[in-house]
Amino acid sequence: MPRITPSMAKNTIKRSLRAIVDRELSATEKSAIWNHFSSQCAYCGKELSREDREGHIDHLIPTTSGGTNHISNRVLSCPTCNGDEKREEDWKSFLNRKIVDPATREARIQRILSWVQMHSHLKKPIDEETLKHHIENVCNAFDTAVAALKG
């Protein structure tokens with residue numbers, strides 16, 4: 001078993017606190033995504049098999065760029081688009097680069113935007129500053145506890 005360092009434990013605490021506020025999608029929400037996109041990649045249109053676990057539930061705006069796990073920020077993607085090509089790129093820029101045909105590109109953009117609009121009203125904004133403040137307080141308390149335990 002690998003040695004768990006205080007830094008690793010703190011990272012787990014940070015991810016756990018964020019997950020409480022910005023939860024992952026439920027099975028029902030994932031099914032709604034598969035249905036809306038007709039089991040096709042939102043970007044390239046490739047047919048995906050849910051049974052074969054071919055699809056990814058991608059973040060339109062990556063969490064590293066301020067995106068959330070909210071359903072309005074998630075779309076169905078093939079592994080190539082999500083994992084190899086788009087990566088952290090803005091989804092509209094990616095589609096502009098990926099899809100040459102303007103009509104096809106516009107249809108995909110509209111399908112994504114209709115998904116976002118259908119679910120945006122359900123979105124409860126995350127107060128990032130408050131979350132950061134609480135995470136910092138918990139990490140400081142953790143550091144104090146670790147120092148006391150080490151003596």
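Side chains are part of it too, since the values below use all heavy atoms of this structure and drop only hydrogens, waters and symmetry mates.
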Could you walk me through whether Arg97 and Glu89 pass salt bridge (charged side-chain N to carboxylate O under 4.0 Å, His left out), step by step? CA-CA 11 Å; Arg97 181 173 54 80; Glu89 186 178 353; 2.6 Å; yes
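Between the side chain of Ser16 and the backbone N or O of Thr12, at least one donor-acceptor pair lies under 3.5 Å. Side-chain atoms of Arg108 come within 3.5 Å of backbone N or O of Cys44 as a donor-acceptor pair. When atom types are taken as modelled, the side chain of Asn73 and the backbone of Thr68 share a donor-acceptor pair closer than 3.5 angstrom. Under a 3.5 Å cut-off, the side chain of Asn35 and the backbone N or O of Ser31 do form a donor-acceptor pair. Remark: side-chain polar atoms of His70 are not paired, donor with acceptor, to backbone N or O of Ser120 under 3.5 angstrom. The closest donor-acceptor contact from the side chain of Trp115 to the backbone of Arg74 lies under 3.5 Å. A donor-acceptor pair is defined here as one N or O able to donate and one able to accept, closer than 3.5 Å; no such pair exists between the side chain of Asn69 and the backbone of Glu24. In this structure a side-chain-to-backbone donor-acceptor pair under 3.5 Å is present from Glu54 to Ser49.
Contact detail for Ala9 and Phe142: the closest heavy-atom pair is CB-CZ, 3.6 Å. Shortest non-hydrogen contact noted between Val146 and Pro6 is CG1-CG, 4.2 Å. Residues Leu76 and Gly55 share a closest heavy-atom pair of CD1-CA, 4.1 Å. Nearest heavy-atom pair across Ile61 and Ser65 is CG2-O, 4.0 Å. Taking every heavy atom of both residues into account, Leu25 and Lys30 meet most closely at O-CE, 3.8 Å. A pairwise comparison of heavy atoms in Lys14 and Cys139 identifies CE-SG, 3.6 Å as the closest pair.
Contact annotation: the side chain of Asp58 approaches that of Lys86 to within less than 4.5 Å [non-hydrogen atoms, C-beta and beyond]. Counting heavy atoms from C-beta outward, Cys81 and Lys98 have side chains that approach closer than 4.5 Å. Inter-residue side-chain proximity for His36 and Ile33 is flagged as unmet; no heavy-atom pair is nearer than 4.5 Å. Residues Leu17 and Ile13 form a side-chain contact, since some pair of their non-hydrogen atoms from C-beta on lies under 4.5 Å apart. A 4.5 Å side-chain heavy-atom check between Ile99 and Tyr43 finds every atom pair outside the cut-off. In this structure the side chain of Ile112 reaches within 4.5 angstrom of the side chain of Leu95, judged on heavy atoms.
Residues meeting the side chain to side chain donor-acceptor pair (under 3.5 Å) test with Asn137, sequence neighbours left out: His133. Checked against side chain to side chain donor-acceptor pair (under 3.5 Å), Thr28 has no partners two or more places apart in sequence or in another chain.
Side chains of Asn82 and His59: no donor on one and acceptor on the other come within 3.5 Å.
Atom OG in Ser77 sits 7.0 Å away from atom CZ in Phe94 (nearest 0.5 Å). Rounding to the nearest 0.5 angstrom, the gap separating the NZ atom in Lys92 from the CD1 atom in Ile109 is 7.0 Å. The line from CD of Glu29 to CD1 of Ile57 is 10.5 Å long, rounded to the nearest 0.5 Å.
Pairs passing the side chain to side chain donor-acceptor pair (under 3.5 Å) check and including a residue from residues 138-151, sequence neighbours excluded, read Lys10-Asp143.
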